[in-house]
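This is the structure I want to talk about, given as structure tokens.
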Number of protein chains: 2
Amino acid sequence: MVTLEDVARHAGVSLATASRVLNGSTRQVGASLRAKVELAATQLGYRPNVAAQALARGAGNVIGLVVHDLVDPYFAAIADGAMRVAESRGLVVMVGTTHRDPEREIAYVSTLNAQRVCAVLLAGSRTADPHVTRRLREELDRYREGGGRVACVGQDLLDADTVVPGNAEGAAELARTLAGLGHRRFAVLAGPAGLVTARDRVAGFAGALAGLGLPAPRLVHGPFDRDGGYTAAAGLADGITAPDEGVTCVFAVNDVMAVGALAAFRDRGIRVPQDVSVAGFDDIATLRDLVPALSTVRLPLQDMGARALELALDPVEEARAELVTGEVVLRESTRRVGPQAPG
Amino acid sequence: MVTLEDVARHAGVSLATASRVLNGSTRQVGASLRAKVELAATQLGYRPNVAAQALARGAGNVIGLVVHDLVDPYFAAIADGAMRVAESRGLVVMVGTTHRDPEREIAYVSTLNAQRVCAVLLAGSRTADPHVTRRLREELDRYREGGGRVACVGQDLLDADTVVPGNAEGAAELARTLAGLGHRRFAVLAGPAGLVTARDRVAGFAGALAGLGLPAPRLVHGPFDRDGGYTAAAGLADGITAPDEGVTCVFAVNDVMAVGALAAFRDRGIRVPQDVSVAGFDDIATLRDLVPALSTVRLPLQDMGARALELALDPVEEARAELVTGEVVLRESTRRVGPQAPG
DNA sequence: GCAGAATCGGAAATCGTTTTCCTGGAGGTT
DNA sequence: AACCTCCAGGAAAACGATTTCCGATTCTGC
């Protein structure tokens with residue numbers, strides 16, 4: 001591998017001069033030497049060793065990104081947004097996937113700390129387990145003590161800069177909208193009990209219902225993914241066909257679960273939206289062409305990822321939380337229902 | 001930031017001993033000192049500086065991954081597979097997205113070279129532009145001269161280890177299967193003219209048709225994404241409704257384009273599969289719940305990503321190409337059509 | 001007990017850069 | 001002409017690890 005020293009020797013200048021020419025320096029170097037160095041560098045095909053640069057400069061140009069699952073379009077969108085701003089600032093991104101294992105999240109922060117990345121971005125919901133949260137926070141604190149910056153996309157529990165999706169607010173708004181369509185009895189595919197994002201959405205939804213004087217929704221817990229939605233909806237299917245239950249609308253706490261629910265209903269001959277309305281959350285772009293098109297709450301995921309990185313990169317003492325509000329979008333998976341007979 | 005020297009001093013041992021204890025070394029160190037060092041390290045919260053390690057060892061534990069677009073589930077799946085094996089080997093992954101700009105791909109290889117990553121993985125189709133390809137190859141050669149390893153997922157044009165999806169073969173098999181359903185006149189949403197993956201699929205499809213003595217398909221070029229599929233299919237819509245054309249089956253060269261096509265047909269009141277059959281390629285997992293479910297060619301994308309990294313990491317002199325065959329899966333978007341009157 | 005082998009611990013060189021400090025010469029001012 | 005300032009260029013000290021030597025033990029076998 002050709003080193004800076006090779007370049008310097010080949011150009012007949014000192015190491016210092018070569019360094020000043022090739023990598024941004026405040027110091028000037030004379031035109032003739034400059035030309036010689038540049039020539040030598042291209043001839044030899046010199047590529048700076050970033051590890052050495054990082055060591056000498058004490059600061060790298062790498063940022064770390066931790067997501068649960070890249071295949072999940074939710075995280076892919078956030079990652080994409082973050083990577084776009086990273087690129088625009090000449091930074092390079094290290095991505096780690098936890099596959100929803102909190103231990104791996106902690107381990108990954110530790111790894112990124114070792115890499116001395118200049119910022120780490122944590123995307124996605126954490127479990128409500130206080131022990132795990134504490135250890136994650138410790139790891140992050142250690143990282144910050146070394147001058148690292150941290151930002152999150154998700155709930156604000158790590159006193160770091162955070163882009164907070166309006167989960168409760170969006171779900172509440174969705175609940176009010178659906179109630180406005182005439183729905184009275186709801187079921188919620190609530191995801192895992194310990195997942196904060198899921199909990200917030202359920203709470204916002206149920207809270208709004210209560211505020212309207214409507215009965216509490218029926219909650220079905222399960223995994224946060226497509227199959228979880230399928231299973232949960234399957235368990236609900238009987239309740240929908242049985243007239244005494246009277247559930248007319250199902251809220252899945254995210255779009256991929258809603259997709260599973262749609263499939264479950266279809267497999268059972270339950271028509272959406274004729275027999276039951278279905279709504280999701282997130283407005284995943286890849287899923288916009290579903291039939292029936294999913295009513296959901298739109299979150300600007302890419303912007304959120306981008307914004308989080310901007311927060312992390314912008315050095316400010318106190319932690320900031322930016323609320324991103326979701327926008328209810330009604331499509332074909334929900335319909336207006338006629339006024340119901342009381343009780 | 002706490003350094004190894006701090007740990008050593010705090011434990012009352014030399015730098016060498018501390019290093020041997022904390023980071024895998026062939027040398028043994030006595031139990032008492034070992035304990036002291038470990039204690040000091042955890043007390044101080046020591047995290048090795050990977051940049052320094054990489055410099056001293058001359059080898060890092062980072063691999064680079066270049067994809068076109070993380071939001072595209074095709075690349076997300078490949079990335080996921082690669083990251084799983086990276087993780088299992090204690091490696092960390094740097095991801096770059098080119099957003100289909102060949103220049104950015106080259107630039108990214110250069111960046112990864114500077115990072116001295118131990119392997120780079122290139123995923124996705126390259127353009128057929130020979131000039132761009134040459135420059136990419138030069139950059140890769142420079143990287144390999146420095147001891148780097150390269151592997152690709154996609155076509156084998158860089159004499160590096162390659163996982164080659166059976167694009168032509170899969171498309172041919174699909175064509176034969178569809179012909180077996182009775183289809184005679186086809187249209188192909190062919191993607192960009194310069195994209196190798198798209199070209200291979202078109203060629204395989206058309207070739208198989210020719211082999212069966214069927215007329216050449218009507219080709220519609222356009223972007224490789226959902227909207228490209230929509231536009232291309234919209235342009236086709238007239239041809240389908242007009243009886244003289246008689247196109248009964250549309251092959252979109254990838255699933256996301258097929259999704260766009262489905263939407264275009266739906267918007268125009270053309271029913272799939274009653275009025276026209278539609279098939280895609282890739283079998284994207286996120287899209288399995290579409291209605292009608294998409295007939296397609298399944299590629300084991302995650303395995304392909306994983307395998308590519310394994311190839312890259314397994315040091316062998318000559319470049320290997322591994323063909324991954326796709327499997328035709330028929331779902332509801334294609335139907336059998338009755339025998340047609342000749343001519 | 002003693003030679004030789006094995007082993008453990010430490011001093012110092014090394015990795016590829018950046019950056020501080022120093023030096024010598026050019027240019028400007030009285 | 002003497003003095004001072006400025007500035008381009010180079011020597012050398014970081015940066016934070018690993019690793020090669022080398023010296024000092026302890027162990028082994030006779």
Side-chain angles (χ1 to χ4, degrees), chain A residues 1-38 40-41 44-62 111 113-118 145-148, chain B residues 1-38 40-41 44-62 111 113-118 145-148:
Chain A
M1 195 90 246
V2 29
T3 75
L4 188 59
E5 191 173 352
D6 299 330
V7 175
R9 190 181 5 256
H10 195 261
V13 303
S14 78
L15 213 52
T17 304
S19 171
R20 292 197 262 252
V21 169
L22 295 177
N23 311 313
S25 165
T26 47
R27 289 261 316 247
Q28 294 293 320
V29 14
S32 68
L33 288 195
R34 159 176 298 273
K36 275 204 267 187
V37 171
E38 276 164 351
L44 272 49
Y46 168 72
R47 290 286 175 278
N49 182 329
V50 206
Q53 286 185 323
L55 187 56
R57 292 209 259 246
N61 67 149
V62 181
T111 300
N113 191 355
Q115 299 283 349
R116 300 294 191 276
V117 297
C118 57
E145 278 163 21
Chain B
M1 196 89 246
V2 28
T3 76
L4 188 60
E5 191 173 353
D6 298 331
V7 175
R9 190 180 6 256
H10 196 261
V13 302
S14 79
L15 213 53
T17 305
S19 171
R20 293 198 261 253
V21 170
L22 294 178
N23 311 313
S25 165
T26 48
R27 290 264 311 250
Q28 293 294 320
V29 13
S32 67
L33 288 196
R34 158 175 297 272
K36 275 203 267 189
V37 171
E38 276 164 352
L44 270 49
Y46 168 72
R47 289 287 176 276
N49 181 328
V50 209
Q53 286 185 324
L55 188 55
R57 293 209 258 246
N61 68 149
V62 181
T111 301
N113 191 355
Q115 299 283 348
R116 300 291 192 278
V117 296
C118 57
E145 277 163 22

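Just so it is clear: chains get the letters A, B, ... in the order the sequence lines come, proteins before strands, and each one is counted from 1.
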Side-chain donor/acceptor of B/R116 to backbone N/O of A/P48, under 3.5 Å: yes

B/Q28 CD - C/dA6 P separation (whole Å): 16 Å

Spacing of A/N61 atom CG relative to C/dT17 atom P, expressed in whole Å: 14 Å

Value rounded to 0.5 Å, distance of CG in A/N49 from CD in B/Q115: 9.0 Å

Value rounded to 0.5 Å, distance of CG in A/L33 from CD in A/E38: 11.0 Å

A/L44 CG to C/dG16 P, straight-line distance once rounded to whole Å: 14 Å

Phosphate OP1/OP2 of D/dG9 contacted by A/T17 side-chain N/O (<4.0 Å): no

Show each protein N/O and nucleotides 16-18 of chain D N/O combination with a separation under 3.5 Å, one pair to a line.
from	atom 1	to	atom 2	distance (Å)
D/dA17	OP1	B/Y46	OH	2.8
D/dA17	OP1	B/N49	N	2.8
D/dA17	OP2	B/L4	N	2.4
D/dT18	OP1	B/N23	ND2	2.7
D/dT18	OP1	B/Q53	NE2	3.0
D/dT18	OP1	B/R57	NH1	3.4
D/dT18	OP2	B/S19	OG	2.3
D/dT18	OP2	B/N23	ND2	2.8

Atom pair CG (A/N61) and CD (A/Q53), whose distance is rounded to the nearest 0.5 Å: 8.0 Å

Nearest-Å distance for atom pair CG/C1', residues B/L33 and C/dG10: 11 Å

Sugar-phosphate only, base, or nothing, as touched by B/G30 at under 4.0 Å among non-hydrogen atoms: sugar-phosphate

Separation of A/L4 CG from A/R47 CZ (nearest 0.5 Å): 13.5 Å

Shortest non-hydrogen separation from B/T3 to B/D6 and the atoms involved: N-OD2, 2.8 Å

Rounded interatomic separation in angstrom, taking NE2 from A/H10 and C1' from C/dG16: 19 Å

